[in-house]
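Here's the structure we're looking at; comments come further down.
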Amino acid sequence: MATVAVIDYGMGNIRSVSKALEHVSGGSRVIVTHEAEAVLRADRVVLPGVGALQDCISELKRLGLDEVIRESVRNKPFLGICLGMQALLDSSAENGGTEALGIIPGEVRHFADQLRTIPASNGLKVPHMGWNQVHQVKSHPMWQGIAQDSRFYFVHSYYVAPASEAVVSATTPYGFDFTAVIDQENIFAVQFHPEKSQHAGLALLSNFLSWDGSN
Amino acid sequence: MSLAKRIIPCLDVDEGRVVKGVQFVDILDAGDPVEVARRYDEQGADELVFLDITASSDERETMVHVVEEVASQVFIPLTVGGGIRELSDIRRMLNAGADKVGINTTAVNNPEFVRQAAERFGSQCIVVAIDAKQVGDGKWEIFTHGGRSATGIDAVEWAVKMADYGAGEILLTSMDRDGTRDGYDLALTRAISEAVPVPVIASGGVGTLDHLADGVIDGKADAVLAASIFHFGHHTVQEAKDVMAARGIEVRAVDV
């Protein structure tokens with residue numbers, strides 16, 4: 001039986017993610033774990049998370065999971081969600097500068113800083129909270145059965161700015177078009193919360209459980 | 001096209017049961033939180049708020065089970081309010097599957113609690129609930145204990161302070177309008193929404209579907225909360241979205 005490991009490093013909505021995966025799991029087994037061995041043995045890995053990136057990175061390092069994540073992204077389908085996406089970049093503007101895992105070149109920026117430079121975005125609230133449209137800029141097995149510009153649930157104050165356009169899989173408009181989804185080899189990483197995005201979100205999680213990591 | 005305005009049904013839960021007369025015609029058990037949540041999810045609710053009105057602290061654990069049950073079957077955001085007094089209460093609710101917690105009286109008693117909560121769990125899950133009453137022309141004050149106790153705190157200043165302390169969202173209830181069906185206090189809603197950088201949920205007084213649209217258009221709310229208008233089965237969330245869309249408001253269509 002194929003196993004999907006949800007990495008539990010004590011931050012946020014792990015249960016919501018595992019419950020949503022179980023809901024669409026079919027033949028897969030969903031485990032929630034912080035054990036390096038269990039993650040390395042799993043067929044697929046999910047890195048969820050909400051909250052502060054600095055705490056996220058220090059907890060991952062404390063548990064020795066940073067190296068496990070580096071290893072996992074090389075050889076199995078890997079899904080990053082929200083903070084679990086931001087953690088993959090080089091660094092974040094959070095707390096005056098936080099070093100992240102450096103798996104995807106680029107940085108994490110604060111929305112308010114960017115919106116201030118756009119006069120037309122006057123009055124846009126931060127956190128960016130609610131159901132917004134996700135515009136797929138290229139085809140990918142993870143988008144199977146999900147309509148172009150489907151709405152997903154977002155709640156975040158920071159967004160990712162990857163160094164290379166080539167890894168941008170989808171964008172979302174909020175004052176400007178920010179990167180909502182990154183795909184790079186076996187990594188698919190989303191800023192929104194599929195586990196809270198009703199039909200579209202469950203469809204994405206279901207696609208992840210059958211995705212072989214290629215595109 | 002961009003971010004949709006949210007429609008949020010609110011459910012009062014007492015000792016694990018939905019109270020205040022949810023009356024769907026074809027529902028098996030109108031007191032079952034899971035059943036009710038599932039119904040609203042099908043109708044296209046963008047989020048759900050559960051307000052724990054359980055008086056006895058012995059029954060607090062019941063709410064945790066309610067959240068666990070709902071969160072394992074309904075995959076939209078859940079906010080839980082009522083009885084949040086310690087950081088451990090927040091941790092317990094988030095672990096159970098809540099996405100956000102509403103903090104009301106505890107914030108008034110100890111504003112630093114909001115700062116600590118936001119630092120520990122992130123602003124995105126900290127909703128500060130504000131109950132306000134008009135005390136003069138263009139002036140509103142914070143009240144606690146269901147509108148009985150005045151605090152002397154100006155509502156707009158308080159909202160700004162709470163956002164500054166790390167609240168990621170403000171749930172604003174007009175105590176003058178709550179239960180009246182006369183519509184939101186639009187001047188209050190607009191005053192707060194224009195003063196804070198974070199999203200504001202309008203609450204209190206909805207009697208018609210147009211009141212929801214008014215809350216967004218005139219009140220500048222980012223989300224609209226209502227209870228009885230949906231509970232009694234007179235209107236569905238989908239009907240509310242149709243009315244809002246007809247008035248030019250962007251809403252989330254439910255795909256199936």
Side-chain angles (χ1 to χ4, degrees), chain A residues 10-20 22-24 49-53 55-56 82-83 94 111-112 115 121 123-133 135 145-147 149-158 172-175 177 193-203 205, chain B residues 1-8 41-42 44-47 67-78 91 93-100 118-127 163 166-170 193-194 196-201 220-223 250-256:
Chain A
M11 299 217 24
N13 63 339
I14 310 299
R15 184 184 164 88
S16 297
V17 173
S18 66
K19 285 292 160 190
E22 282 168 18
H23 194 78
V24 297
V50 292
L53 187 63
D55 297 343
C56 161
C82 192
L83 203 55
E94 199 177 274
F111 253 122
L115 291 176
S121 72
L124 286 181
K125 302 296 183 75
V126 178
H128 170 233
M129 188 185 287
W131 298 78
N132 206 339
Q133 292 177 305
H135 187 76
I146 297 170
D149 297 320
S150 287
R151 287 184 189 275
F152 288 83
Y153 185 80
F154 290 83
V155 51
H156 60 123
S157 301
Y158 292 80
T172 289
Y174 198 60
D177 289 342
H193 289 274
E195 75 281 9
K196 291 291 172 178
S197 297
Q198 215 200 16
H199 304 303
L202 294 174
L205 293 176
Chain B
M1 296 293 272
S2 177
L3 187 64
K5 299 296 178 183
R6 290 168 280 152
I7 298 183
I8 308 176
D41 176 44
E42 286 165 4
D46 297 308
E47 270 184 55
V67 174
E68 282 177 353
E69 282 297 307
V70 172
S72 54
Q73 297 185 51
V74 174
F75 302 102
I76 57 174
L78 307 175
R91 164 57 64 209
M93 285 304 171
L94 297 180
N95 283 349
D99 299 279
K100 305 184 242 183
E119 274 171 15
R120 176 76 65 87
F121 304 106
S123 290
Q124 84 291 330
C125 66
I126 304 301
V127 181
E169 191 170 41
I170 302 288
S193 190
E194 288 179 345
V196 298
V198 300
V200 172
I201 306 171
K220 309 282 182 209
D222 301 282
E250 196 162 343
V251 294
R252 175 180 68 107
V254 176
D255 49 335
V256 258

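Here the structure is a predicted model, which is why all the values come from computation and not from measurement. All chains are named by letter (A, B, ...) in the order of the sequence lines, taking the proteins before the strands, and each is independently numbered beginning at 1.
- In this structure, chain B has a heavy atom under 4.5 Å from the side chain of A/D55, while its backbone stays farther away.
- Applying the side chain to side chain donor-acceptor pair (under 3.5 Å) criterion to B/R91, with sequence neighbours excluded, gives B/N95.
- For chain B, the option among A/V126, A/L124, A/I14, A/V50 with the highest count of heavy-atom pairs below 4.5 Å is A/V126.
- Remark: the backbone N or O of B/A96 is paired with a side-chain donor or acceptor of A/R15 at under 3.5 angstrom.
- Between B/R6 and A/M129, the closest side-chain pair of non-hydrogen atoms falls below 4.5 Å.
- Of the two parts of B/E68, the backbone and the side chain both hold a non-hydrogen atom closer than 4.5 Å to a non-hydrogen atom of chain A.
- With chain B as the partner, the residue from A/V17, A/D149, A/V155, A/L83 showing the most heavy-atom pairs under 4.5 Å is A/V155.
- Using a cutoff of 4.0 Å between basic side-chain nitrogens and carboxylate oxygens, B/E250 and A/R151 are scored as salt-bridged.
- A/N132 places a side-chain heavy atom less than 4.5 Å from the side chain of B/S2.
- For A/S197, the part lying near chain B is the backbone, with the side chain staying farther off; criterion is any non-hydrogen pair under 4.5 Å.
- Of all heavy-atom pairs between B/S72 and A/K19, the closest is CB-CD, 3.3 Å.
- In this structure, no portion of B/S123 lies under 4.5 Å from any heavy atom of chain A.
- To the nearest 0.5 angstrom, A/W131 atom CH2 is 6.5 Å from B/I76 atom CD1.
- At least one side-chain heavy atom of A/Q198 sits less than 4.5 Å from a side-chain heavy atom of B/R252.
- Residues B/P199 and A/P127 are in side-chain contact: their nearest non-hydrogen atoms beyond the backbone lie under 4.5 Å apart.
- Taking 4.5 Å as the limit, some side-chain heavy atom of A/Y174 sits within range of a side-chain heavy atom of B/L3.
- The closest side-chain heavy-atom distance from A/K196 to B/F75 is not below 4.5 Å.
- At a threshold of 4.5 Å between non-hydrogen side-chain atoms, the residues A/C82 and B/Q124 do not count as touching.
- Within the 4.5 angstrom heavy-atom criterion, only side-chain atoms of A/H128, from C-beta onward, approach chain B.
- Looking only at heavy-atom pairs under 4.5 Å with chain A, the residue among B/L94, B/D41, B/V198, B/V200 that has the most is B/V198.
- Only the side chain of B/K100 has a heavy atom closer than 4.5 Å to any heavy atom of chain A.
- Looking at A/L202, the atoms closer than 4.5 Å to chain B (heavy atoms on both sides) all sit in the side chain, from C-beta outward.
- With chain A as the partner, the residue from B/S193, B/P77, B/G122 showing the most heavy-atom pairs under 4.5 Å is B/P77.
- For B/D222, the part lying near chain A is the side chain, with the backbone staying farther off; criterion is any non-hydrogen pair under 4.5 Å.
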